[in-house]
Amino acid sequence: MDWTRLPLARASVDRAAHRRGEPDLLDRAWADPRTAVLLIAGGRLLTRVTDLGGPALDLQTTAEVEGLRTPDSLVLFLGQDALLGQDALPGPDAILGADLLLGPGAPAGEHDGGTRYLALVLPDPPEPGGVDLEGVEPHGVAELFDGATWSTLRDVGHALPDRDAGLATAAIGLAAWHERHPRCPRCGAPTLPAEAGWTRRCTVDGSDHYPRTDPAVIMAVLDDADRILLGHAAHWPERRFSTLAGYVEPGESLEGAVRREVAEESGVVIGGVSYRGSQPWPFPASLMLAFVAHARTTDVVVDGVELTAARWFTRAELAQAVADGTVLLPMRTSVALTLIEDWFGGPVGGSWA
């Protein structure tokens, strides 16, 4: 298993974080016809089907979506294809200037910065009662693009090309953060986007606030017989089973979080804990840290709150349960399915969407 290529950990675009503070960066990038724009509406991404039959971001030129941008639009700078050399001048015009290295697809012999990537978050008023940013059906935007498909990152993240997976994951995470943090946590005053969409600045006290990331552990719990422990969360439909997971608490180590969460949810005592890999999970702001945890006990007593069922599976038992439909495994985009298939030795099949 290549743990460096988890579905939402793939990326090929330089985030160019050192450029975010340049004056008028967004406006200058918007004025460049080479800039590609990712569109988000209601937590969904504008996608298309490639010639190979898989999904890809349906990136637009700035000219194609100019009419959708308003003075209040949230525009995010996601990065650029070309990398600046260490000795290049980081002046305000460098992003569009001749100091940049040749970018992919640029004519040979030209000093070109390659493609810049922006995200434009289209307004999508919440329905009565409030809704979560992820999974909301977009209203009033689908008709703007003939035959357009608006996809959730959960549904297509694993199938996107590396470039698109990285762009989409960053954009969805940033959009969710901006949606949920319109006010200063220090004084309660409104905040405005700054640093090309990567911070928010208080309009009263001038303090800067940064996107939050919530670390969460997710673990394949194995016993001495090499069985895996899978659980059913209370809020899931019937038959869905996955690995155990939970958030890291303040002042807690990752290994401590693994042991605590497994004990709290299933009553199983954990000994050794081994790290495997990580991927962002922007629903809305998690970082999933994957582990293999070795059980010292096997008696299962679920908490009845987070987990309503949990059981041990051999490989043969899990294969049979998936085949007869009594167990549905996690979605392909999740790290949970990677943990299960790493233990199983390959694809099991029967994942849920």
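In this text, all values refer to a predicted model and were calculated from it rather than measured experimentally.
Exactly one of Leu25, Thr35, Leu118 qualifies for a side-chain contact (heavy atoms from CB on, under 4.5 Å) with Trp30. That residue is Leu118. Exactly one of Val322, Val335, Leu230 qualifies for a side-chain contact (heavy atoms from CB on, under 4.5 Å) with Ile340. That residue is Leu230.
Considering every non-hydrogen atom in both Arg212 and Ala285, the closest pair reads O-CB, 3.4 Å. Residues Ala165 and Pro7 come closest through the heavy atom pair CB-O, 3.9 Å. Across Asp303 and Glu264, no two heavy atoms sit closer than the pair CB-O, 3.4 Å.
Put simply, the side chain of Ser334 gets close to the backbone of Met331: a donor and an acceptor are under 3.5 Å apart.
A salt bridge between Arg5 and Asp162 is present, with a side-chain N of the basic residue lying under 4.0 Å from a carboxylate O of the acidic one. Look at Glu255 and Arg259 and you find no salt bridge, because none of the NZ, NE, NH1 or NH2 atoms lies under 4.0 Å from a carboxylate O. By the 4.0 Å N-to-carboxylate-O rule, Arg69 lies close enough to Asp27 to be salt-bridged with it. With salt bridges taken as basic N to acidic carboxylate O contacts below 4.0 Å, one links Asp223 and Arg227.
Other residues sharing the hydrophobic cluster of Val301, ordered by chain and number and joined by side-chain separations under 4.5 Å: none, the residue standing alone. Listed by chain and number, the hydrophobic cluster partners of Val221 are Val217, Met219, Leu229, Leu244, Val248, Leu254, Val258, Val262, Val268, Ile270, Val273, Tyr275, Leu287, Leu289, Phe291, Val300, Val302, Leu307, Trp312, where partners are ILVMFWY side chains within reach of under 4.5 Å, directly or through others. Members clustered with Tyr210: none, using a 4.5 Å side-chain heavy-atom cutoff among hydrophobic residues.
Geometrically, Arg315 engages Trp343 in a cation-pi contact defined by less than 6.0 Å to the ring centre and at most 45° from the axis. Annotation: cation-pi geometry satisfied between Arg154 and Phe283 (NZ/CZ under 6.0 angstrom from ring centroid, within 45° of ring axis).
With 3.5 Å as the limit, one finds no donor-acceptor pair spanning the side chains of His181 and Arg200. Counting only N and O atoms by type, the side chains of Thr4 and Asp2 include a donor and acceptor under 3.5 Å apart. Donor-acceptor pairing under 3.5 Å is lacking for the side chains of Asp299 and Thr297.
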Could you please spell out the steps behind the side-chain contact (heavy atoms from CB on, under 4.5 Å) verdict for Thr191 and Thr203?
CA-CA 6 Å; Thr191 57; Thr203 56; 5.9 Å; no
For side-chain contact (heavy atoms from CB on, under 4.5 Å), just list the numbers for Gln320 and Leu318, CA-CA rounded to whole Å, side-chain angles, deciding distance to a tenth of an Å, and then say yes or no.
CA-CA 5 Å; Gln320 181 60 47; Leu318 184 60; over 6 Å; no
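Between the CD atom of Glu238 and the CG atom of Leu328 there is a distance of 10.5 Å, given to the nearest 0.5 Å. With rounding to the nearest 0.5 angstrom, the CG atom of Leu26 is 10.5 Å from the CD atom of Glu195.
Side-chain contact between Asp58 and Gln60 is present, with heavy atoms from C-beta onward closer than 4.5 Å.
Using cut-offs of 30° and 60° for the angle between ring planes, the Phe241 and His232 rings count as tilted.
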